[in-house]
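Below: the structure, in structure tokens.
For the numbers below, each heavy atom of this structure counts, side chains included, while hydrogens, waters and symmetry mates do not.
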Amino acid sequence: MKRQKTVKRLLALLPAAAVLLLSAAGPAFGAGAAARQNDLRDADIMDPSGKGSLTVYKYDMTAAKEAGVDLAALSASTGEADDTVEQAMREYAVEGVEFSYLYCGKAETYSHRTDKGTEVELVYEMPSDLTGLLGMKPEDAFDMSGDVAEPCTAENVYHYSAAQISDALKAFLESGGTGQADHPEGNKLAKNALEDYLQESGRQKTMPLTDENGKTGAGDLQLGLYLLAETKVPEYVTETVDPWFAALPFTDPEGERWLYDLTCYPKNQTGNPTLEKFVQNAGENVDGTDKNTKDFAETATASEGDVLNYLLVSKMPHIQSQATYLTQYSFRDTLSEGLEYNRDAKIAFYTSGEAARENDLSQAVEIWGDSSQTREFYGQDYQALKTDAGVENGLTQLHVVISESGLEKINRERSDYWMVVFYTVTVNADATAVLGDEGNPNDAELTWRRTSDSYYDTLEDSCVVYTYGLQLNKLFSDGEGDPQKAGFVLYNSTDGYYLQAGHTGTIDGRKVYYITGKTAEKEDAACFTPAADGAFWILGLEADTYLLTEIHTDSGYQILQDPVEISIQSTEGMGENRIPASVTVDGVKAKLEEFVLTDESYIVHDQDFASGIVQTVQQQGEIRSENAQAVLEITNHRKFLLPQTGGAGSYLITIAGLAVAAAGVFAAEKAFAKRRKQDGNV
């Protein structure tokens, strides 16, 4: 190959060639550093005994762009430190990034005499396995073993110019070694291959993780060519800079001086996954059809005994290459005491957020949930029980811990997918279900890490299930009746079923019924009967319209003429912005009382699948919930008293008989007069 360049012309071109911060190497921009003084009289002569340094600043391009920073104005790459860039981007520094670097070889001068003169050029040693990976042909290399001024005797190396190296890397990043230009997965394949190469070479070195200023680096470096790559990132980094080559020393922008301290300003794309939690009443109507006609939402209302569908919906982060692989993706979902996890969690993957939020399994790309996949891809789910003071059936915690094989599948195939963890719970038919505005919340948490393991983040979301109660006081107008001889049935007119109940007990001495089911037949419905003091509770009603019918009472008293219509309007929203529940009885706003649940101190033991660490959570106090129970008083009055046969009743019979007799005499007299008149006309 013939190249005729003077040394002066060569030096003028070296700024771009020697730095080798390749434009194809992704979104990275460099800046300059002051020329390092050396012992030579002229700085345009390289100091062969000198040492160099690499400094890297890592910034969050996504956040800077969203904040209006003009990134285009900061994109010049000179290799020198640039205070303008550092001041403009200091608020967007990325901490916790690791860069690896590999020394490729020396810079050498190719000086070859030809028929037309002497050809002089700057070339770099390259390991033969790296040139093979990049697809560089040996026949295109400079022959440094022949008739050159300073032959190179190093083994397993080839020599290429900066332009050749730049072009080869650019092509490789586009094709990923597939031979297909602009391959859709080319960049990812190329990054993975180069990151693997660094790791497997055994010769790479790593810089310290970037600090709070996004800065890291390495000093006292041998002069020559280096390959650099971003090899670990914190959890919110989604795209790494492409691997790039850098040369030490490099020339300044004017092509006049050798500089030994190289500074780079590569940028990252960032972004976090998302977490949303939804609930839906999954009960069945009494005819066996699905009850749920409402979409998944943050809140739901349910009766005790109802089954609820829960969704944890996560938009998975972008996974670009091995440096951005996920090393942890786990969910922890803590249910209130009033909710019982049914141990049926599964995972579905979607390409559409809409399908994910509806959990339309017909559109799922993949579902993890059978016994083999459960153990292969994510850890067993389990229940953590309250154990202090003999208390059982306490808080339930669902864990989904993605296993190594599951993470590998996600990293390679599920970048930017929607992941849905779905399962069911049952509302407990006992005192643990909290009535009223406080509701029965459950809090979900997503924890994820990438390759920089000491950096992780969590997301949280909640949803609430609301349920309500009735306080009834059975009275008699004269205070003489026996409340225990009264009976009521409760009909849900919204959904068309009668309520069933069980677990009858007492709270504060008051008789309590917990809703356990539903039936279409009145004879199968629960008959709610008051205690001796006339009081009882019906707990665990969803927000619907009900008809309370009195079906019998003590003898001598009248039952109610019509059913009592009770309409419960659910609490809306959560937290400080929630709208309280309300109840009307026969169209009139009812009195609502709070619900108080004394909660003994207890401990929740929870073993983490990944670490095996047992956590202890101390809970104590009581739960107070407003607008929980509508208060009704049902009063019976005595019947009208009728005289008994043989007593005062005989007078009524006599009077009735006389009235009948008088009516008969009057009719006979009238008929006789008519006949006489007819006889007179004859």
Side-chain angles (χ1 to χ4, degrees), residues 274-285 290-315 331-348 350 353-361 364 369 381 383 395-400 418-429 432-446 459-468 492 494-495 515 518 540-544 568-575 577-581 623 625 627-628:
T274 63
L275 176 64
E276 299 170 279
K277 181 157 190 178
F278 302 107
V279 61
Q280 177 193 63
N281 196 315
E284 289 186 347
N285 294 315
D290 287 339
K291 179 178 180 180
N292 61 68
T293 56
K294 297 181 180 179
D295 294 333
F296 283 97
E298 291 183 339
T299 64
T301 179
S303 297
E304 292 183 358
D306 276 354
V307 175
L308 305 173
N309 289 323
Y310 275 90
L311 301 183
L312 303 178
V313 181
S314 176
K315 175 65 163 62
F331 299 87
R332 180 194 300 267
D333 199 4
T334 303
L335 305 179
S336 296
E337 278 190 273
L339 304 175
E340 182 77 12
Y341 169 48
N342 293 326
R343 307 185 69 82
D344 56 358
K346 296 181 181 180
I347 297 176
Y350 295 90
E354 181 179 0
R357 292 186 181 95
E358 295 174 355
N359 200 31
D360 182 356
L361 296 178
D381 46 70
Q383 183 180 23
L395 294 180
T396 302
Q397 290 194 330
L398 161 69
H399 279 201
V400 174
W418 296 82
M419 180 182 188
V420 177
V421 179
F422 59 102
Y423 61 95
T424 67
V425 306
T426 300
V427 183
N428 289 335
T432 60
V434 176
L435 311 182
D437 292 343
E438 197 67 25
N440 297 271
N442 58 315
D443 303 318
E445 179 182 274
L446 166 64
L459 286 175
E460 297 179 353
D461 199 12
S462 300
C463 60
V464 180
V465 176
Y466 294 109
T467 189
Y468 306 92
N492 184 318
T494 301
D495 295 326
I515 299 302
K518 61 200 70 169
L541 299 173
E542 62 186 301
D544 278 331
I568 305 174
Q569 289 77 45
S570 178
T571 310
E572 296 182 12
M574 297 184 293
N577 298 322
R578 66 188 174 201
I579 300 173
I623 297 174
S625 181
N627 301 308

Looking only at heavy atoms, the pair that brings Y468 and A543 closest together is CE1-CB, 4.0 Å
Could you give me the CA-CA distance, side-chain angles and deciding distance for F296 and V313, then say whether side chain to side chain contact (heavy atoms under 4.5 Å, CB included) is met? CA-CA 11 Å; F296 283 97; V313 181; over 6 Å; no
Evaluate I347 against V400 for side chain to side chain contact (heavy atoms under 4.5 Å, CB included), listing each step before the verdict. CA-CA 9 Å; I347 297 176; V400 174; 3.6 Å; yes
Donor-acceptor pair, side chain of N440 and main chain of V465, under 3.5 angstrom: yes
Can you name the residues that form a side-chain contact (heavy atoms from CB on, under 4.5 Å) with N627, not counting sequence neighbours? D437, P580, A581, L592
Heavy-atom side-chain proximity of V427 to L339 below 4.5 angstrom: yes
Minimum heavy-atom distance between T467 and V434, given as atom pair plus value: CG2-O, 3.5 Å
With a 4.5 Å cut-off on side-chain heavy atoms, are D306 and K518 touching? yes
If we ignore hydrogens and angles and just use 3.5 Å, is the side chain of T299 paired with the main-chain N or O of V464 as donor and acceptor? no
Step by step, would you call E358 with Q280 a side chain to side chain contact (heavy atoms under 4.5 Å, CB included)? CA-CA 10 Å; E358 295 174 355; Q280 177 193 63; over 6 Å; no
Between Y423 and Y310, how do the two ring planes meet: parallel, tilted or perpendicular, split at 30° and 60°? parallel
Heavy-atom pair with the smallest gap, counting every atom of E542 and D495: OE2-OD2, 4.2 Å
Once rounded to the nearest 0.5 Å, what's the spacing between atom CG of D544 and atom OG1 of T494? 4.0 Å
Quick check against the 3.5 Å criterion: does T274 have a side-chain atom that pairs as donor or acceptor with the backbone of K315? yes
Evaluate M419 against F331 for side chain to side chain contact (heavy atoms under 4.5 Å, CB included), listing each step before the verdict. CA-CA 11 Å; M419 180 182 188; F331 299 87; 3.9 Å; yes
How would you list, by chain and number, every residue that makes a salt bridge (charged side-chain N to carboxylate O under 4.0 Å, His left out) with E445, sequence neighbours excluded? none
Closest approach of R357 and W418, non-hydrogen atoms and distance? NH2-CH2, 3.6 Å
How long is the span from the OH atom in Y341 to the OG1 atom in T426, to the nearest 0.5 Å? 12.0 Å
Closest non-hydrogen contact found for Y466 with M574 is OH-CA, 4.1 Å
Rounded to the nearest 0.5 Å, the CZ atom of R332 sits from the CD atom of E460 at a distance of 11.0 Å
OG of S303 to CD1 of I515: how many Å apart, nearest 0.5 Å? 6.5 Å
How far apart are the closest heavy atoms of A348 and N359, and which atoms are they? CB-OD1, 4.3 Å
Looking at CG of D443 and OG of S462, how far apart are the two atoms once the value is rounded to the nearest 0.5 Å? 3.5 Å
Output for pair (L459 CG, L312 CG), nearest 0.5 Å, gives 12.0 Å
